[in-house]
Amino acid sequence: TIVASSLVFLYSKCGSMEESLTVFENIPDRDIVLWNTLLAGYSVHGPWQMAVSLFEKVQNDGCELDKVTFMSVLKSCASLAALQQGQVFFSQMVKMGMQSDLLLNSILVDFLAKCGCLEDAAYIFASMNEHDVVSYTAMITAYAQQGHAKDAVSLYECMKQEGVKPNEITFLGVLNACSHEGLVREAIQYFKSMRTVYNITPTQNHCSCLIDLLGRAGHHVEAMELLSHLPPDCD
RNA sequence: CGUUGACGG
């Protein structure tokens with residue numbers, strides 16, 4: 001059973017969900033962690049609907065739901081933009097008296113934002129008593145994706161003031177925000193600060209984002225120049 | 001003990 005559990009983990013980790021499910025079903029005594037392992041696999045690799053439909057079977061199997069279980073299904077609902085389904089999970093969570101923590105709140109922010117409920121996401125974010133680079137980045141990315149570039153940028157500034165260091169994913173959100181708003185100067189400044197302030201090497205994703213931004217703003221010369229400095233295997 | 005969060009065009 002230990003070997004089988006490890007297999008479920010490994011298959012789930014690498015996205016071989018059919019194999020994972022096959023092994024899972026042949027394990028006689030499944031506990032909540034094993035269920036969570038499977039659900040987490042579906043929440044990352046899909047099909048996300050599987051996480052949702054398997055959820056009700058967890059309790060039938062005699063396992064007690066925990067935070068990790070809800071994280072997986074809420075994450076799946078986020079990917080599906082399934083607002084109502086996610087709200088059902090959330091209210092069930094509240095009814096169970098489960099207290100939300102930093103990770104769960106980050107998922108909630110992401111879930112609400114992906115469902116188009118930006119205000120609700122911002123409300124949850126504001127109500128959190130603790131933030132880290134992930135929760136900030138989730139909110140910044142949410143603003144950026146909905147075209148609220150200024151909110152994204154100002155939240156980024158706020159994050160720096162709080163002493164939270166941005167990472168490469170944060171910058172993708174910030175650059176994306178600048179792209180929407182045509183904030184060329186700011187984008188270039190942020191881009192440069194990645195190296196100079198945070199010792200982060202920009203990836204191809206960052207470069208693509210910046211090139212796209214420059215192109216959209218009509219700065220084709222600069223865009224071409226940046227392109228010429230990139231590794232040859234760029235898209 | 002093993003399972004959990006943010007990823008641009």
Side-chain angles (χ1 to χ4, degrees), chain A residues 1-13 20 24 27 29-44 51 54 58 63-79 93 98 100-114 121 124-125 128 130-147 149 152 155-156 159 164-181 187 190-191 194 200 202-217 223 226-227 234-235:
Chain A
T1 292
I2 291 182
V3 172
S5 297
S6 302
L7 270 178
V8 172
F9 173 70
L10 288 172
Y11 280 136
S12 294
K13 199 75 174 173
S20 187
F24 176 89
I27 297 178
D29 296 311
R30 298 172 288 227
D31 66 3
I32 188 59
V33 175
L34 187 62
W35 271 103
N36 288 343
T37 304
L38 183 73
L39 292 180
Y42 282 117
S43 77
V44 171
L54 283 173
V58 178
C63 297
E64 196 178 348
L65 307 173
D66 67 7
K67 282 181 194 174
V68 180
T69 320
F70 282 103
M71 285 188 219
S72 290
V73 291
L74 284 170
K75 182 183 159 101
S76 298
C77 288
S79 302
M93 216 181 75
M98 196 168 316
S100 210
D101 61 7
L102 179 62
L103 271 63
L104 205 34
N105 277 324
S106 298
I107 293 185
L108 277 174
V109 167
D110 185 53
F111 160 69
L112 290 168
K114 286 196 166 79
I124 295 284
F125 182 82
M128 295 168 63
E130 186 189 15
H131 287 121
D132 68 359
V133 63
V134 176
S135 62
Y136 268 114
T137 301
M139 195 66 233
I140 289 170
T141 302
Y143 279 133
Q145 286 170 346
Q146 316 260 336
L155 186 58
Y156 171 66
M159 166 180 154
V164 178
K165 286 192 176 180
N167 62 21
E168 44 288 316
I169 302 175
T170 315
F171 279 109
L172 278 179
V174 172
L175 291 176
N176 188 222
C178 292
S179 181
H180 281 280
E181 195 78 2
Y190 289 137
F191 185 81
M194 290 179 66
I200 298 172
T203 65
Q204 288 186 3
N205 286 341
H206 297 96
C207 296
S208 311
C209 209
L210 190 60
I211 289 168
D212 179 61
L213 183 156
L214 289 168
R216 282 199 214 187
L226 178 58
L227 257 180
C234 206
D235 307 337

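Naming convention: chains lettered A, B, ... in sequence-line order (proteins, then strands); numbering from 1 in each chain. Note that the structure is a prediction, hence the values are computed from the model and not measured.
- Here the nucleotide nearest the side chain of A/Ser106, chosen from B/U4, B/G5, B/G9, is B/G5.
- Looking at the side chain of A/Ile169, the nearest of the listed nucleotides B/G5, B/U3, B/C7 is B/C7.
- Checking B/A6, B/U4, B/G9 against every side-chain atom of A/Thr141, the shortest atom distance belongs to B/A6.
- The stretch residues 3-12 of chain A touches RNA chain B through A/Phe9, each having a heavy atom under 4.0 angstrom from the strand.
- If you check every strand for non-hydrogen atoms under 4.0 Å, A/Thr37 touches sugar and phosphate atoms only.
- In this structure, A/Leu74 atom CG and B/A6 atom P are separated by 12 Å, rounded to whole Å.
- Ring geometry for A/Phe125 versus A/His131: interplanar angle under 30°, hence parallel rather than tilted (30 to 60°).
- Computed from coordinates, the A/Leu103 CG to B/U4 P distance equals 10 Å when rounded to whole Å.
- Proximity note for A/Asn176 (side chain, C-beta onward) versus B/G9, B/U3, B/A6: the nearest is B/G9.
- In this structure, A/Gln145 reaches the sugar-phosphate backbone alone: every heavy-atom distance under 4.0 Å involves primed, P, OP1 or OP2 atoms, never a base.
- Among residues two or more places apart in sequence or in another chain, the side chain to side chain contact (heavy atoms under 4.5 Å, CB included) test is passed with A/Ser79 by A/Trp48.
- A/Asn205 comes within 4.0 angstrom of a base, heavy atoms only.
- One atom, CG of A/Asn167, and another, P of B/G8, lie 14 Å apart when rounded to the nearest Å.
- The A/Val134 side chain lies nearest to B/A6 when the options are B/G8, B/A6, B/G9.
- Counting only heavy atoms from C-beta on, A/Ile107 has its side chain closest to B/U4 among B/A6, B/U4, B/U3.
- The salt bridge (Lys or Arg N to Asp or Glu O under 4.0 Å) contacts involving residues 203-214 of chain A comprise A/Asp212-A/Arg216, where partners must be two or more places apart or lie in separate chains.
- The salt bridge (Lys or Arg N to Asp or Glu O under 4.0 Å) test applied to A/Lys114 returns A/Asp110, not counting sequence neighbours.
- Helical stems in RNA chain B, defined as runs of 3 or more consecutive Watson-Crick or G-U wobble pairs with donor-acceptor distances under 3.5 Å: none found.
- The A/Leu172 side chain lies nearest to B/G8 when the options are B/G8, B/G2, B/A6.
- Under the rule for a ring pair (Phe, Tyr, Trp, His ring centres under 6.0 Å), A/Tyr42 has no partner lying at least two apart in sequence or in another chain.
- Atom CZ in A/Phe24 sits about 16 Å away from atom P in B/U3, given to the nearest Å.
- No side-chain donor-acceptor contact under 3.5 Å links A/Asn205 and A/Ser208.
- A/Phe9 meets the ring pair (Phe, Tyr, Trp, His ring centres under 6.0 Å) test with no other residue; sequence neighbours excluded.
- Donor-acceptor pairing under 3.5 Å, judged by distance alone, is absent between the side chain of A/Asp212 and the base of B/G8.
- Remark: the A/Thr37 side chain and the A/Ser12 side chain contain no N/O donor-acceptor pair separated by less than 3.5 Å.
- Atom C1' of nucleotide B/A6 and atom CZ of A/Phe125 are separated by 11 Å, given to the nearest angstrom.
- With rounding to whole Å, A/Leu34 atom CG is found 15 Å from B/G2 atom P.
- Between B/C7 and A/Lys114, a contact under 4.0 Å exists linking OP1 or OP2 to a side-chain N or O.
- Applying the 3.5 Å distance criterion, the base of B/G2 shares a donor-acceptor pair with the side chain of A/Asp31.
- For A/Tyr143 and B/C7, the OH to C1' distance is 19 Å, given to the nearest whole Å.
- For A/Asp101, the side chain to side chain contact (heavy atoms under 4.5 Å, CB included) partners two or more places apart in sequence, or in a different chain, are A/Lys67, A/Met71, A/Leu103, A/Leu104.
- Among the heavy atoms of the strands, none lies under 4.0 Å from A/Asp66.
- Remark: the A/Asp66 side chain and the A/Thr69 side chain contain an N/O donor-acceptor pair separated by less than 3.5 Å.
- Across all strands shown, A/Ser135 has heavy atoms under 4.0 Å from base atoms, whether or not it also approaches the sugar-phosphate.
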Solution key, residues 139-146 of chain A side-chain donor-acceptor pairs under 3.5 Å, sequence neighbours excluded:
residue	atom	partner	partner atom	Å
A/Thr141	OG1	A/Thr137	O	2.7
A/Gln146	NE2	A/Ala113	O	2.8

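- At the phosphate of B/U3, neither OP1 nor OP2 sits under 4.0 Å from any side-chain N or O atom of A/Lys75.
- Rounded to whole angstrom, the span from the CD atom of A/Gln146 across to the C1' atom of B/C7 amounts to 16 Å.
- Residue contacts for A/Ile140: at a heavy-atom cut-off of 4.0 Å it reaches no nucleic acid atom on any strand shown.
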